[in-house]
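The structure appears below as structure tokens.
Small disclaimer: the values here were computed from a predicted structure and weren't measured. Throughout, protein chains are lettered first and strands after them, A, B, ... in sequence-line order, and every chain is numbered starting at 1.
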There are 2 protein chains.
Amino acid sequence: MLVKIKHDKKVKLLQKPPLRSSGKIGSDIRALRRSRNWTLSDLAKTLGRSVGWLSQVERNVSELGLDDIRNIARLFSLPVTFFFTDAADSNEAAYIVRSGTRRIMTDTPKGLAESLLSPDLGGAFEIVHSVFAPGAACPEPFVRPTEEAGYVLEGSLVLFINAARFELNPGDSFRFSGEKISWINEGAVNAVLIWVIAPPVY
Amino acid sequence: MLVKIKHDKKVKLLQKPPLRSSGKIGSDIRALRRSRNWTLSDLAKTLGRSVGWLSQVERNVSELGLDDIRNIARLFSLPVTFFFTDAADSNEAAYIVRSGTRRIMTDTPKGLAESLLSPDLGGAFEIVHSVFAPGAACPEPFVRPTEEAGYVLEGSLVLFINAARFELNPGDSFRFSGEKISWINEGAVNAVLIWVIAPPVY
DNA sequence: TGATGAAAAAAATATTGAAAATTTCATTTT
DNA sequence: AAAATGAAATTTTCAATATTTTTTTCATCA
């Protein structure tokens, strides 16, 4: 991208490496906001902040306080830890998520524990590692404006697609789009799945 | 969709259930053609057939012969078996792929065995089950106009992203987009991955 | 200094006309 | 009769432009 330079001041600013708010919280917020189809103005209003401020925050130009982070986490039903990573190698972190360092997406643990397999938010789809505890169930059927697919790693999950019942076992996979979905783990052990959602909903 | 009815003949035709060429080969062909950005005319020419004929075939309005199927399979580097499924429950087949009945995508087995985890072609992304034999390697680095992600189920795979080397082990995941990629299984056992590609390339 | 609010810039969203692709179907071929 | 063609009719796609919305920038305020 070419940048038109007008003043010396701006030059200095642009030459500085972007101050990464420990991982790029701003970019995460932008992706989360976009996944909800909210505008800067929508989110700023909710947070009781100005549009200009949010614009700078999302571009990692200015830091935000812990209070704001907490508000945002709550707003998107994410644990605050979601926004903090301790990646050793930053080039690796751009592409790889190691088994032990996934970002946990589950706010209040309750039967379903989800963690992110993609290195960051954004992109055409989202890949999630999901653990369904025994007895866990989706409270009520849902429909999402997404295309979703999954693969069973362990255990067994019962998936209802438009009221049809399918029992999925390790190695089984599925895909649906715009269907009415619900699920339950009727087994005695965790059901572990890989779940792909396009576009991301987080 | 509303259908304007003009003649009695047409009414009868429309009321008939669509004659499924054992699984919907036509739809597969359409998806394959589209994934290559070919027009009906492009493919028809290659097959030495008329555009009108291909249009009917792709819409499952008319059958095609085994010769044509063979040509098409070869054209897309797929085994002929790819186009035939023996799904018991047709509603299930629309959503679920059972562990044992995946469609095999590998034409000439050679280190990498891929099979389709999605119930059919088409959609925003493709999910593939990939088995990399010990020693198997990608001949030369490639770049694809896609966003791709993966998850390691078993074994170990070395992935090069823009010349950076990453050794991936079970539970590790990755994602890239527009990078220069190559890979090799340096281990002594199969490396088994789930691979997601958007949009599909087949 | 952190944040605001309004002007400037950029991006997304419609509109439209033309071109390309697809479908339909009467006719020809086998 | 069934299979396949080719051309007309229809639909879709694409590019160019105007409009509106969203985002960025930055002078100024608390």
Side-chain angles (χ1 to χ4, degrees), chain A residues 1-16 18-19 21 24-72 122 124 199, chain B residues 1-16 18-19 21 25-72 122 199:
Chain A
M1 177 191 46
L2 288 178
V3 176
K4 204 189 291 175
I5 289 165
K6 283 173 187 162
H7 313 302
D8 282 340
K9 232 197 205 163
K10 203 182 279 180
V11 172
K12 222 181 260 166
L13 194 70
L14 287 167
Q15 285 174 341
K16 257 192 274 179
L19 15 144
S21 29
K24 292 259 192 337
I25 300 192
S27 313
D28 286 349
I29 296 170
R30 170 150 291 186
L32 287 165
R33 173 174 66 77
R34 291 234 164 107
S35 77
R36 306 286 214 271
N37 283 119
W38 293 348
T39 64
L40 283 175
S41 151
D42 292 335
L43 180 54
K45 209 169 293 169
T46 310
L47 296 171
R49 282 281 141 85
S50 73
V51 166
W53 174 83
L54 185 55
S55 169
Q56 312 229 118
V57 164
E58 286 195 354
R59 284 175 301 125
N60 309 299
V61 168
S62 90
E63 289 275 349
L64 39 39
L66 205 53
D67 287 345
D68 289 307
I69 296 182
R70 268 192 278 264
N71 284 336
I72 289 166
Chain B
M1 177 191 49
L2 287 179
V3 176
K4 206 190 291 175
I5 290 163
K6 283 173 187 160
H7 312 302
D8 281 341
K9 232 198 206 163
K10 202 181 281 182
V11 172
K12 222 182 259 169
L13 196 66
L14 288 166
Q15 285 174 340
K16 257 193 274 178
L19 14 142
S21 28
I25 299 191
S27 313
D28 286 349
I29 295 170
R30 169 150 293 187
L32 287 165
R33 173 174 66 77
R34 291 232 164 109
S35 77
R36 305 287 213 271
N37 284 119
W38 293 348
T39 64
L40 282 175
S41 150
D42 292 335
L43 180 54
K45 208 168 295 167
T46 310
L47 296 172
R49 283 280 141 87
S50 73
V51 166
W53 174 83
L54 186 54
S55 169
Q56 312 227 119
V57 165
E58 287 195 356
R59 285 176 300 124
N60 308 299
V61 168
S62 90
E63 290 275 349
L64 40 40
L66 204 52
D67 288 344
D68 289 306
I69 295 183
R70 267 193 279 263
N71 285 335
I72 289 168

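Here the side chain of B/D42 pairs a donor or acceptor atom with the backbone of B/T39 at under 3.5 angstrom. Remark: side-chain polar atoms of A/R59 are paired, donor with acceptor, to backbone N or O of A/S55 under 3.5 angstrom.
Rounding to the nearest 0.5 angstrom, the gap separating the CZ atom in A/R33 from the CD1 atom in A/I29 is 10.0 Å.
Atom-to-atom, CZ of A/R59 to P of D/dT23 comes out at 11 Å; the value is rounded to the nearest Å. A straight line from CG of A/N60 to C1' of D/dT24 spans 15 Å, rounded to a whole angstrom. Look at CZ on A/R49: it is 5 Å from P on C/dA3, rounded to the nearest Å. If you measure from atom CD of B/Q56 to atom C1' of D/dA3, you get 10 Å, rounded to the nearest angstrom. Rounded to a whole Å, the CD1 atom of A/I29 is 14 Å from the P atom of D/dT23. In this entry the distance linking CG of B/L54 with P of C/dT23 reads 9 Å, nearest Å.
In terms of heavy-atom proximity, A/A31 sits nearest to A/G122 at CB-N, 3.9 Å. Pairing each heavy atom of B/L40 with each of B/E58, the nearest pair is CD2-OE1, 3.5 Å.
Candidate nucleotides D/dC26, C/dA3, C/dT24 were compared by shortest atom distance to the side chain of B/S55, and C/dT24 ranks first. Ranking C/dT4, D/dT24, C/dT23 by closeness to the A/W53 side chain, first place goes to C/dT4.
At its two ends the helix from C/dT1-D/dA30 to C/dT30-D/dA1 runs along axes set 50° apart, each axis drawn from five pairs and the angle rounded to 10°.
Taking a 4.0 Å limit (strictly below) on heavy-atom distances, residues 32-46 of chain A does not reach DNA chain C anywhere.
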Quiz prompt | CA sep, side-chain torsions, deciding dist, call: B/R49, B/L43, side-chain contact (heavy atoms from CB on, under 4.5 Å) | solution = CA-CA 8 Å; B/R49 283 280 141 87; B/L43 180 54; over 6 Å; no

Practice problem: Apply side-chain contact (heavy atoms from CB on, under 4.5 Å) to the pair A/I25 and A/E63, showing each step before the final yes or no. | Solution: CA-CA 9 Å; A/I25 300 192; A/E63 289 275 349; over 6 Å; no

Quiz prompt | side-chain contact (heavy atoms from CB on, under 4.5 Å) between B/L54 and B/R30, worked out | solution = CA-CA 9 Å; B/L54 186 54; B/R30 169 150 293 187; over 6 Å; no

Quiz prompt | side-chain contact (heavy atoms from CB on, under 4.5 Å) evaluation trace for A/I72 with A/L64 | solution = CA-CA 11 Å; A/I72 289 166; A/L64 39 39; 3.9 Å; yes

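Within the 4.0 Å cut-off from OP1 or OP2 of C/dA21, not a single side-chain nitrogen or oxygen of B/R30 is found.
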